[in-house]
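Here the structure is a predicted model, which means the values were calculated and not measured. In each ligand, atom 1 is the first atom listed, and ligand 1 is the first ligand listed.
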Amino acid sequence: MAGRLSDAHCHVGDNPDLFEREVDRMQVQWFATMATGMHDMAAVERLMRAYPDRVIGFFGLHPWFSHLVSTTTPTSKHDHYKRVLQPEPDDDVIAQLPEPVPLVKLVAAVEQHVKANELAQIGEVGLDKNFRVRVGSRLSPHRVKVSHQVEVLTRLLDVAARHDRAVSLHGVGAHQALLQAVTAVHARHKLRAVCLHSYSGSADQARLWTRALGSPDLVFFSFSKFVNLERTTPARMTAVVTCADVAATQILVESDLPTAGPGLDAAVDAAAAHLVAATPSLSRVTLADNFARFVFGRI
Ligand SMILES: [Zn+2]
């Protein structure tokens, strides 16, 4: 249906049974459903195959799980975690972490999903300077070095460029490093489109992104109720969407939710209502068209 909103970033693959129960009565047209690592790619693939007119699967490694892959082979589990975590973890912490998966294996798995589905895209990938690694049931003081995250991200962006797929990006506390990593890949081989999900940067940074990738057609900014309306200030989001250098065609809406149902519909709707009210040039039809251009490369 023309003008029906789509969710540019969600995690409904976390609760596939709930999705299957709810999807028929939901308003959202398309669900851009993120995998976050080896553990949930199969669930996203299954939903994508079962609902080819509702689910677009994104395959990648979320930065929160980036320590679980090793970029150097051969390496011992002990050396790997000492190398990628800061502060350096002690033996007790390392003992509670799983054996790392070689990055080549992760990249091969992502590439396999992409080759098997022409609508499969790349995500959730990105950089996060602030998060701390979960060890067992508690949050540890350890963070993943940004240099390691960049290495992982770059390999997955290469897959997106090679197969001409869109990318959903997570960026927290590392806007500059993220821009640099994406620009470096784009300079080598062109990326088709990137979306900065739950975009919390400034209008100036939004302008830098568009300039760095060379065209507003390649960069999308997506906004959610939970991050942009509730956790950060709506004024910051309004500054981005009303800034003269950001086009209405670059704006997307998302839920970022793992749970399908009326709450997800309402979250996407609330983000859209706020944006449309803030920006005279933006309508729900524009938002729907933008999603089609981001994912399918055309309206
Ligand atoms: Zn996400």
Side-chain angles (χ1 to χ4, degrees), residues 5-16 18-19 28 30-45 47-48 54-69 106 110 113 120-134 139 144 149 152-153 156-157 159-160 165-175 177-178 181-182 193-201 209 219-232 237 251-261 263-268 270-272 290-291 294-295:
L5 293 170
S6 290
D7 186 342
H9 186 108
C10 67
H11 293 271
V12 293
D14 288 8
N15 295 290
L18 179 63
F19 182 82
V28 161
W30 288 102
F31 298 83
T33 307
M34 303 296 134
T36 56
M38 295 297 268
H39 57 284
D40 57 5
M41 286 194 230
V44 171
E45 164 102 35
L47 281 187
M48 191 175 181
R54 304 297 293 274
V55 174
I56 304 281
F58 282 62
F59 300 89
L61 182 69
H62 196 292
W64 294 354
F65 303 114
S66 57
H67 58 294
L68 302 177
V69 300
L106 175 98
V110 169
H113 287 289
Q121 319 291 335
I122 300 299
E124 176 166 4
V125 295
L127 303 177
D128 194 321
K129 239 181 204 169
N130 298 349
F131 85 101
R132 289 180 291 144
V133 168
R134 200 165 272 286
L139 219 48
V144 182
Q149 295 187 40
V152 173
L153 169 65
L156 292 168
L157 289 173
V159 176
R165 306 302 164 100
V167 183
S168 192
L169 288 170
H170 170 112
V172 173
H175 282 286
L178 185 62
V182 172
V194 301
C195 167
L196 290 130
H197 109 83
S198 285
Y199 180 69
S200 57
W209 271 97
V219 187
F220 293 85
F221 303 97
S222 170
F223 297 96
S224 64
K225 176 174 182 267
F226 294 112
V227 173
N228 301 104
L229 294 185
E230 290 171 4
R231 263 192 269 159
T232 55
M237 172 177 94
I251 308 300
L252 296 170
V253 283
E254 63 172 76
S255 70
D256 205 11
L257 285 176
T259 46
L264 188 151
D265 273 339
V268 171
N290 293 352
F291 181 85
F294 168 53
V295 167

Do the ring planes of [X] and [Y] sit parallel (below 30°), tilted (30 to 60°) or perpendicular (above 60°)?
{"X": "His11", "Y": "His9", "value": "perpendicular"}
{"X": "Phe223", "Y": "Tyr199", "value": "perpendicular"}
{"X": "Phe31", "Y": "Phe19", "value": "perpendicular"}

Give a yes/no answer: is there an N/O/S atom of His170 under 2.8 Å from the Zn ion (ligand 1)?
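Given the 2.8 Å cut-off, His170 does not count as a ligand of the Zn ion (ligand 1).
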Tell me whether the Zn ion (ligand 1) has Cys10 as a neighbour, meaning an N, O or S atom of it below 2.8 Å.
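Looking at Cys10, which is the residue asked about, there is no N, O or S atom under 2.8 Å from the Zn ion (ligand 1).
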For the Zn ion (ligand 1), give me the closest N/O/S atom belonging to Glu124, just the atom name.
OE1
How about Val295 and Gln121: do any of their side-chain heavy atoms sit closer than 4.5 Å?
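Touching, per the 4.5 Å side-chain cut-off.
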With rounding to 10 degrees, His9 NE2, the Zn ion (ligand 1) and His11 NE2 define an angle of 100°
